[in-house]
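Note that the structure is a prediction, hence the values are computed from the model and not measured. If you read the sequence from its start, that first residue is 1, and numbering goes on from there. Side chains are part of it too, since the values below use all heavy atoms of this structure and drop only hydrogens, waters and symmetry mates.
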Amino acid sequence: MRRARGLSQEELAHRADVSRGHMGKVENAKFAASLDLLERIARALNVDPAELFAKR
């Protein structure tokens, strides 16, 4: 979703107010994201949070 919107991992992390390293760990399933972070990521991507769980 991030790549489809042309965002770098760093830009998404900035928009979601989290470090790039933390964002990388979330993307690579090495760290579980809190509900708060999922909401911030969804807001940064301009999508409904439920879309983060849709099958791709």
**Fill in**
The salt bridge (Lys or Arg N to Asp or Glu O under 4.0 Å) partners of Asp36 (sequence neighbours excluded) come to Arg40

**Asked** Under 3.5 Å, side chain of Asp48 to main-chain N/O of Ala50, donor-acceptor pair present?
**Response** yes

**Prompt:** Atom CG of Leu12 and atom CG of Leu45: how far apart are they, to the nearest 0.5 Å?
**Reply:** 5.0 Å

**Message:** Can you give me the closest heavy-atom contact between Ala33 and Val26, atom names plus distance?
**Reply:** CB-CG1, 4.0 Å

**Prompt:** More than 12 foreign heavy atoms under 6.0 Å from CG of Asn46: is that the case here?
**Reply:** no

Contacts table for residues 13-25: side-chain donor-acceptor under 3.5 angstrom, sequence neighbours left out:
residue: Arg15; atom: NE; partner: Glu11; partner atom: OE2; Å: 2.8
residue: Ser19; atom: OG; partner: His22; partner atom: N; Å: 3.0
residue: Arg20; atom: NH1; partner: Gln9; partner atom: OE1; Å: 2.6

**For Val47 against Arg5, the heavy-atom pair lying closest together** = CG1-NH2, 3.0 Å

**Item:** Flag if over 12 foreign heavy atoms under 6.0 Å of CD, Glu10
**Value:** no

**Request:** Among residues two or more places apart or on two chains, list those pairs meeting ring-ring contact (aromatic ring centres under 6.0 Å, His included) that have a residue in residues 32-56.
**Result:** none

